Amino acid sequence: PFSSGAGASRFIIALSQILPKPAFSVFAFAILTEVTNTMQTALQTSMGITCRATASTLRSQQGQAVRRLCSAMHGLPSRRVMAPRSRALSSRRSLVVAAVSVEDKKKALKEAKEKIKDVILSKHCNPIIVRLAWHDSGSYDKSISSFPQRGGANGSIRFYPEINHAANAGLTAALELLKGIADEKDGVGYADVFQLASVTAIELAGGPKIPLRFGRKDAATEEDCVPEGRLPAGAAATDDKGGEEWPQGAKSAGDHLRKVFYRMGLNDQEIVALSGAHTLGRAKPDRSGFGKKETKYTKDGPGTPGGSSWTPEWLNFDNSYFTELKKQDDPDLLVLETDNCLIADEGFRPYAEKYAESQEAFFKDYTEAHLKLSELGSEWVDEPFTLDD
């Protein structure tokens, strides 16, 4: 029955419906091994030579096949074979599939969180870590039902070409910081690690503790990347006549934000609350094209100096983004068109003013909006769980 790949595939699919995950992975590997041996023998017989190179290729394909089958059929957290250009983004390209219990995943995630803390505190990289998780989640399109084509929090941002999208400029640095942590523990997926790092960065910066849920299924290959253009722009482009031109035919900055975030299933309050995360970080002209080379708030770091921040204390998570946005009296602070519209737009303004007045209200609404963002498009390997369960 295993003399052809098609026959083996049908048998494996049948097994996937009746066997528990650990037994299934063992049987699938054994079957594909038999297919490999059968094909190798056939080649040797017909060609009269020892096909060592061919056998090596077949075994490589066998390993890739079983990992993809296990991941696709059972959502097992196997490690992915990345595109050749993405080798720098992962130090481990091929690992044995591991079926890991929820309790073991919790333990591994708690250990990962401690390592993430060490990285963030030593590198002062809270902002870029938050941005990485946001941009992974922010590709979600609620009109698309299939996973992972719908985008969202699935870890696809680690692959080319997605990491090379214009809106993701500079995020390779964040991947480099997290890749060893994500690779180290079998049973812990990239999507979960990216989201865990984000809430950890916010908490370490003085923000709210966000009760993140875990168990996301990862996108498996670069073929799972979303098309470019799903993330928000900071400002309009200039058209041939010198006028403003927003993506998707938006008429204004507010209209642009609504087109992007409504596509994800988010509302005006959530748009404003999530925008408040710009209390962290800077824009650098060599990455986004926005901001100054340096300001009085950024010229000495911490971390790599330079860029323009939205707030004076740009490593503190608080409501100062909204208080500064209301005042707009400091030329050294950044205000993009998509920032200013939160005050200028009648639908956004009540929430921005509310958050400027009350950090407690901002933290409450931000926590709820961040949780929603962190699960957009997610498909769950396990029943979602928290680390405090």
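What you are looking at is a predicted structure, and each value in this text was computed from that prediction instead of being measured.
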Just by distance, do the side chain of Asn267 and the backbone of Glu270 share a donor-acceptor pair under 3.5 Å?
yes
Which atom pair, heavy atoms only, marks the closest approach of Trp314 to Pro127?
O-CG, 4.3 Å
Side chains of Ser320 and Glu313, heavy atoms from C-beta outward: is any pair under 4.5 Å?
no
Does a donor on one side chain sit under 3.5 Å from an acceptor on the other, for Gln149 and Ser146?
yes
Hey, does the side chain of Thr367 reach the backbone of Phe363 with a donor-acceptor pair shorter than 3.5 angstrom?
yes
What is the minimum heavy-atom distance between Thr295 and Ser308, and which atoms define it?
CG2-OG, 3.7 Å
Among Lys364, Lys372, His370, which residue meets the side chain to side chain donor-acceptor pair (under 3.5 Å) test with Glu368?
Lys364
Could you check if a side-chain atom of Arg230 sits within less than 4.5 angstrom of a side-chain atom of Val226, using non-hydrogen atoms only?
yes
With the 4.5 Å side-chain cut-off for hydrophobic clustering, are Ile210 and Phe385 part of the same group?
yes
Joint hydrophobic cluster, Leu266 plus Leu231, side-chain heavy atoms closer than 4.5 Å
no
Check side-chain contact (heavy atoms from CB on, under 4.5 Å) between Ala277 and all other residues, then give those that pass, not counting sequence neighbours.
Trp134, Phe317, Tyr366
Evaluate the side-chain proximity of Tyr321 to Ser275: yes if any heavy-atom separation is below 4.5 Å, no if none is.
yes
Pair Asp388-Thr386, side-chain donor/acceptor within less than 3.5 Å
no
Going from CZ on Arg213 to OG on Ser378, what distance comes out if it is rounded to the nearest 0.5 angstrom?
9.0 Å
Please check if the side chain of Arg216 supplies one atom and the backbone of Asp192 the other of a donor-acceptor pair under 3.5 Å.
no
Smallest separation among heavy atoms of Ile128 and Arg287, with atom names
CD1-NH1, 3.9 Å
Test your reading of the model: is there a side-chain donor-acceptor pair from Thr311 to the backbone of Thr279, 3.5 Å cut-off?
yes
To the closest 0.5 Å, what do you measure between CD (Gln248) and NZ (Lys259)?
7.5 Å
If every non-hydrogen atom of Pro305 is compared with every non-hydrogen atom of Gly301, which pair is closest and at what distance?
CB-N, 3.8 Å
Straight-line distance of Gln195 CD to Glu375 CD, nearest 0.5 Å:
9.0 Å
Do you know which two heavy atoms are closest between Lys326 and Ala356, and how far apart they sit?
CD-CB, 3.5 Å
Walk me through whether Val260 and Ile271 qualify under side-chain contact (heavy atoms from CB on, under 4.5 Å).
CA-CA 10 Å; Val260 171; Ile271 292 171; over 6 Å; no
Measure from NZ or CZ of Arg158 to the centre of the six-membered ring of Phe194 and say whether it is under 6.0 Å with the direction within 45° of the ring axis.
no
Report yes or no: does Asn168 contribute a side-chain atom to a donor-acceptor pair with the main-chain N or O of Asn164 at less than 3.5 Å?
no
Any side-chain donor near an acceptor of the partner, Tyr355 and Asp365, under 3.5 Å
yes
When rounded to the nearest 0.5 angstrom, what distance separates CG in Asp318 from OG1 in Thr323?
7.0 Å
Examine Met264 and Leu371 and state if one hydrophobic cluster contains both, with Ile, Leu, Val, Met, Phe, Trp and Tyr joined whenever side-chain heavy atoms are less than 4.5 Å apart.
yes
Above 12 or not: heavy atoms from other molecules or residues under 6.0 Å from CD of Gln328?
yes
Under 3.5 Å donor-acceptor, Asp104 side chain and Val100 backbone:
no
Is any side-chain heavy atom of Glu103 closer than 4.5 Å to one of Lys106?
yes
So Tyr160 and Glu222, do their side chains get closer than 4.5 Å, heavy atoms only?
no
Whether Lys113 and Glu203 form a salt bridge (side-chain N of Lys/Arg under 4.0 Å from carboxylate O of Asp/Glu) is what I want to check.
yes
Is there a side-chain contact (heavy atoms from CB on, under 4.5 Å) between Tyr262 and Asp268? Walk through the geometry before answering.
CA-CA 9 Å; Tyr262 284 10; Asp268 283 3; 2.6 Å; yes
Please check if the side chain of Arg150 supplies one atom and the backbone of Tyr140 the other of a donor-acceptor pair under 3.5 Å.
no
So Asn154 and Glu379, do their side chains get closer than 4.5 Å, heavy atoms only?
no
Just by modelled atom types, is the Leu373 backbone N or O under 3.5 Å from a matching donor or acceptor in the Ser137 side chain?
yes
Between Ile116 and Val119, is any pair of side-chain heavy atoms under 4.5 Å apart?
no
According to a hydrophobic-cluster definition based on side-chain heavy atoms being under 4.5 Å apart (Ile, Leu, Val, Met, Phe, Trp, Tyr only), do Leu334 and Leu315 belong together?
no
Heavy-atom pair of closest approach, residues Leu336 and Gly234:
CB-O, 3.7 Å
Ignoring hydrogens and geometry beyond distance, is a side-chain donor-acceptor pair present between Ser156 and Glu162 at under 3.5 Å?
yes
After noting the C-alpha distance and the side-chain angles of Trp310 and Leu333, does the key distance pass the side-chain contact (heavy atoms from CB on, under 4.5 Å) rule?
CA-CA 5 Å; Trp310 285 265; Leu333 294 180; over 6 Å; no
Lys/Arg-Asp/Glu bridge criterion (N-O < 4.0 Å) met for Glu346, Arg349:
no
Does atom CD of Glu111 have more than 12 heavy-atom neighbours, drawn from other residues, nucleotides or ligands, at distances under 6.0 Å?
yes
Under the 3.5 angstrom rule, does the side chain of Asp136 hit a backbone N or O of Ala133 as a donor-acceptor pair?
no
Would you say Glu357 and Phe322 make side-chain contact, with heavy atoms under 4.5 Å?
no
Checking Glu184 against Lys115 for the side-chain contact (heavy atoms from CB on, under 4.5 Å) test, could you report, in this order, the C-alpha distance in whole Å, the side-chain angles of both residues, the deciding distance, and whether it holds?
CA-CA 11 Å; Glu184 186 177 69; Lys115 294 192 174 186; 2.6 Å; yes
Would you say Asp345's side chain and Gly254's backbone share a donor-acceptor pair under 3.5 angstrom?
no
Separation of Ile129 CD1 from His124 NE2 (nearest 0.5 Å)
13.5 Å
Check whether more than 12 heavy atoms from other residues, nucleotides or ligands sit under 6.0 Å from atom NZ of Lys123, and answer yes or no.
no
Cluster check Phe147, Val381: I/L/V/M/F/W/Y, side chain < 4.5 angstrom
no
Ser198 side, atom OG; Leu132 side, atom CG - distance, nearest 0.5 Å
8.5 Å
